[in-house]
Protein chains: 2
Amino acid sequence: MSITDDEARTLLRESALRATAPRLAVLRVLAEAPNPLSHTEVLECLGKTDWDPATIYRNLIKLRDAGVALVASHAHGMDRYELAHGDGHHPHFVCEGCGRVACLPAGLTASMSMEGPWATSIQNAMVQLRGECPDCLAKA
Amino acid sequence: MSITDDEARTLLRESALRATAPRLAVLRVLAEAPNPLSHTEVLECLGKTDWDPATIYRNLIKLRDAGVALVASHAHGMDRYELAHGDGHHPHFVCEGCGRVACLPAGLTASMSMEGPWATSIQNAMVQLRGECPDCLAKA
DNA sequence: ACGTTGATGCAACTCAATTGCATTTATTTG
DNA sequence: CAAATAAATGCAATTGAGTTGCATCAACGT
Ligand SMILES: [Mn+2]
Ligand SMILES: [Mn+2]
Ligand SMILES: [Zn+2]
Ligand SMILES: [Zn+2]
């Protein structure tokens, strides 16, 4: 998945965010990533000489606060960001072996028939599975 | 839930772990906690008994490696430990608002039918829900 | 009681996250 | 288009969880 410069600018305008060069770059990197990326991984995708890490960091925060991006996982002390595709959120798989985070197709129905105050919380929650990915299972 | 000193010693013996004072203390704290605890929270629970943080840290690792405890969540850069109750693992709810992690009753099985290499990974995975807990929903 | 081996205490280190502040720049406004 | 304004950037410093090296101590099988 990719994003044109115009699409990115429109997206930012709709969120009342200024279209700066690093911000557009972050948007492009997130759009092209097949999986959620950490701050460090975004830096690597951008190439190390480009922009200040703190700037990229704050842009990820901004995009998240604006609802353009979201944190798909906090696992292993790293926030992993992805674009918030309009549709409802899909589940993610966090590998405890290699640390990778993968997007899973929507359709994972967490059948939760729970009464009481937790019902709403659970129904609106994002689903995350933690285990060993196929690659790590093969090695073990 | 609590644990007697004898039960703790037996549990450790079965795992080939020496029964040291800080280790027994960690075991007792985990046994009494209603929710998974971070390293820092375990230190706070131990309170007056002033053990070295690194010792407590390594004990949590040891207990995890021995299968006595497990990491219920990595959220927000904190590993949260709980005793590995014999039965299969239950899901957990991670609140993005206040950061608390709560144990959910088993039976909230997220059923996903997926083909291919991911099938096994998914079936053996632990389920984690991320959202806003009832308390945080009430404030918002 | 002894000796082996694991555990402890202390200190140092890594790395993601976070923040203060002076400077620059995108966007608004005249 | 140029000035005004509020936001964003670059740089540096700080926090906090996790992690590790090493000398000393202690659990426990013999
Ligand atoms: Mn995803
Ligand atoms: Mn639990
Ligand atoms: Zn893996
Ligand atoms: Zn909460």
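Labels below follow one simple rule: chain letters A, B, ... track the order of the sequence lines, proteins then strands, and each chain is numbered from 1.
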Which protein N or O atoms sit under 3.5 Å from an N or O of nucleotides 15-18 of chain D?
residue : atom : partner : partner atom : Å
D:dA17  : O3'  : B:G77   : O            : 2.9
D:dG18  : OP1  : B:D79   : N            : 2.5

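Take B:R100 and apply the salt bridge (charged side-chain N to carboxylate O under 4.0 Å, His left out) test, not counting sequence neighbours, and it matches B:D135.
Alongside A:V94, the hydrophobic cluster contains A:V101 (criterion: ILVMFWY side chains under 4.5 Å).
Taking both residues in full, the closest heavy atoms of B:E82 and B:P36 are given as OE1-CG, 3.7 Å, listed atom of the first, atom of the second, then distance.
Looking at A:E41 and A:M78, their side chains never come closer than 4.5 Å, going by heavy atoms from C-beta outward. B:I122 places a side-chain heavy atom less than 4.5 Å from the side chain of A:L104. Using a 4.5 Å heavy-atom cutoff, the side chains of A:T120 and B:P134 are not in contact. Under the 4.5 Å side-chain criterion, counting only non-hydrogen atoms from C-beta, B:E96 is in contact with B:H76.
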**Request:** Summarise protein proximity over nucleotides 3-10 of chain D in one line of letters, 5' to 3': B for base, S for sugar-phosphate only, - for none, counting protein heavy atoms closer than 4.0 Å.
**Result:** ---BBSBB
**Prompt:** Given B:R130 and A:Q128, is the side chain to side chain contact (heavy atoms under 4.5 Å, CB included) satisfied, shown in steps?
**Reply:** CA-CA 7 Å; B:R130 296 174 48 229; A:Q128 184 171 291; 3.6 Å; yes
**Item:** Audit row: A:R9, A:L24, side chain to side chain contact (heavy atoms under 4.5 Å, CB included) steps and yes/no
**Value:** CA-CA 7 Å; A:R9 291 191 124 86; A:L24 289 168; 3.4 Å; yes
**Asked** Does the side chain to side chain contact (heavy atoms under 4.5 Å, CB included) test come out yes or no for A:S121 and B:E132, once each step is laid out?
**Response** CA-CA 6 Å; A:S121 293; B:E132 298 216 294; 5.5 Å; no
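For residues 27-37 of chain A, proximity to DNA chain C is found at no residue, defined as any non-hydrogen atom under 4.0 angstrom from a strand atom.
When DNA chain C is scanned in the 5' to 3' direction for atoms under 4.0 Å from non-hydrogen atoms of chain B, the outermost contacting nucleotides are C:dT5 to C:dA11.
B:S15 places no side-chain N or O within 3.5 Å of a backbone atom of B:L17 that could act as its donor or acceptor partner. With hydrogens and angles disregarded, a donor-acceptor distance shorter than 3.5 Å links the side chain of A:R23 to the backbone of A:R18.
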